[in-house]
Engineer: 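Once you've had a glance at the structure underneath, I'll fire off some questions.
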Amino acid sequence: IEPFCAQLAARHRTDEDLARLDAANDAIVDAGEELDAFLQANVDWHIAVASASHNELLSGLMISLSRAIYAATENEGFIDEKVRDITVRAHRSVTKAIRDKDADAAVRRMSRHVHSYAKSIQDFEKRTEIPLDE
């Protein structure tokens, strides 16, 4: 869903959409080590991308999924300095593609971002599993 949102955002974004994306990116940086602020800014950015698509169905879907996205990543052990840094760079990269109206780059960068983030969560969960046979 999100790569398609980014593609449409690159095609249909407005200056107001860019301002919302920039504000969410700034909020992620400003959150520092405050987990709740980081997660909310992260969700706000993803919703801003969907809103910039100007597709009501995709925007509504992302808003509906936003609580699940927040909850899935609400873990102090997972959201460390490295994850925050990677997230900021990925979001800025996608935002740049949207700003440049480069739909192909927006799809590619958002795909890379969401898939690598999901893989990081899976890897983290594997490292933190408690063996049942001990």
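Owing to the predicted nature of the structure, the values given are computational and were not obtained by experimental measurement. We count residues from 1, following the sequence as given.
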Engineer: List the atom of Met110, the atom of Val94, and the distance in Å for their closest heavy-atom pair.
Structural biologist: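 Smallest interatomic distance, heavy atoms only, reads N-CG2, 3.7 Å.
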Engineer: Write out all pairs satisfying salt bridge (Lys or Arg N to Asp or Glu O under 4.0 Å) with one or both partners inside residues 17-32, taking only residues at least two apart or from two chains.
Structural biologist: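 Qualifying pairs: Asp17-Arg20, Asp22-Arg99.
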Engineer: Looking at every non-hydrogen atom in both residues, tell me the closest pair between Ile47 and Met62 and how far apart they are.
Structural biologist: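 Result for this residue pair: CG1-O, 4.3 Å.
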Engineer: Ignoring hydrogens and angles, tell me if any N or O in the side chain of Ser59 forms a donor-acceptor pair with the backbone of Glu56 under 3.5 Å.
Structural biologist: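 Not confirmed, Ser59 side chain does not pair with Glu56 backbone.
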Engineer: Between atom OG of Ser93 and atom NE2 of His113, what is the distance when rounded to the nearest 0.5 Å?
Structural biologist: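 Between Ser93 OG and His113 NE2, I get 10.0 Å after rounding to 0.5 Å.
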Engineer: For Ile98 versus Ala6, what's the shortest heavy-atom pair and its separation?
Structural biologist: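 Taking every non-hydrogen atom into account, CG1-O, 4.0 Å.
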Engineer: Which distance, rounded to the nearest 0.5 Å, do you find between the CH2 of Trp45 and the CZ of Arg92?
Structural biologist: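 Between atom CH2 of Trp45 and atom CZ of Arg92 there are 12.0 Å.
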Engineer: Find out if a path of hydrophobic residues (ILVMFWY) with successive side-chain heavy-atom gaps under 4.5 Å connects Val88 to Ile86.
Structural biologist: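 Not linked; separate clusters.
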Engineer: Is the closest side-chain donor-acceptor distance between Gln40 and Asp36 under 3.5 Å?
Structural biologist: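 Judged by distance alone, the side chains do not pair up.
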Engineer: Going by salt bridge (Lys or Arg N to Asp or Glu O under 4.0 Å), name the residues that satisfy it together with Arg109, two or more places apart in sequence or in a different chain.
Structural biologist: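 Result, salt bridge (Lys or Arg N to Asp or Glu O under 4.0 Å) vs Arg109: none returned.
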Engineer: Quick one: which residue pairs count as a ring-ring contact (aromatic ring centres under 6.0 Å, His included) with a foot in residues 48-74, not counting sequence neighbours?
Structural biologist: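 Non-adjacent pairs meeting ring-ring contact (aromatic ring centres under 6.0 Å, His included): zero.
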Engineer: Write down the atom of His12, the atom of Ser53, and the distance for their closest heavy-atom approach.
Structural biologist: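 Heavy atoms only, the tightest pair is CD2-O, 3.7 Å.
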Engineer: For Lys96, what residues pass the side chain to side chain donor-acceptor pair (under 3.5 Å) criterion, not counting sequence neighbours?
Structural biologist: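 Lys96 satisfies side chain to side chain donor-acceptor pair (under 3.5 Å) with Asp100 once adjacent residues are dropped.
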Engineer: Quick one: list whatever passes side chain to side chain donor-acceptor pair (under 3.5 Å) with Arg89, sequence neighbours left out.
Structural biologist: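 Listed in chain order: Asp85.
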Engineer: How close do Val107 and Pro3 get, heavy atom to heavy atom, and via which atoms?
Structural biologist: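 That closest heavy-atom pairing would be CG2-O, 3.6 Å.
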Engineer: Does Arg84 reach the main-chain N or O of Glu33 with its side chain, forming a donor-acceptor pair under 3.5 Å?
Structural biologist: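 At least one qualifying donor-acceptor pair exists.
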Engineer: Hey, what do you get for OG1 (Thr95) to CG (Leu18), rounding to the nearest 0.5 Å?
Structural biologist: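 One gets 8.0 Å once the value is rounded to the nearest 0.5 Å.
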Engineer: Will you find, in the side chains of Asn42 and Thr87, an N or O donor that is under 3.5 Å from an N or O acceptor?
Structural biologist: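 Side chains of Asn42 and Thr87: no pair found under 3.5 Å.
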Engineer: So His46 and His91, would you call those rings parallel, tilted or perpendicular, with 30° and 60° as cut-offs?
Structural biologist: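 Answer is perpendicular, since the angle exceeds 60°.
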Engineer: Work out which heavy atom in Ala103 is nearest to a heavy atom in Arg11; give both atom names and the distance.
Structural biologist: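 Between these two residues, the closest heavy atoms are CB-NE, 3.9 Å.
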Engineer: What's the separation between atom CD1 in Ile63 and atom OG in Ser51, rounded to the nearest 0.5 Å?
Structural biologist: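 Ile63 CD1 to Ser51 OG: 5.5 Å, rounded to 0.5 Å.
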Engineer: Can you name the salt bridge (Lys or Arg N to Asp or Glu O under 4.0 Å) partners of Asp104, sequence neighbours left out?
Structural biologist: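 Once residues adjacent in sequence are excluded, Asp104 has no partner under the salt bridge (Lys or Arg N to Asp or Glu O under 4.0 Å) criterion.
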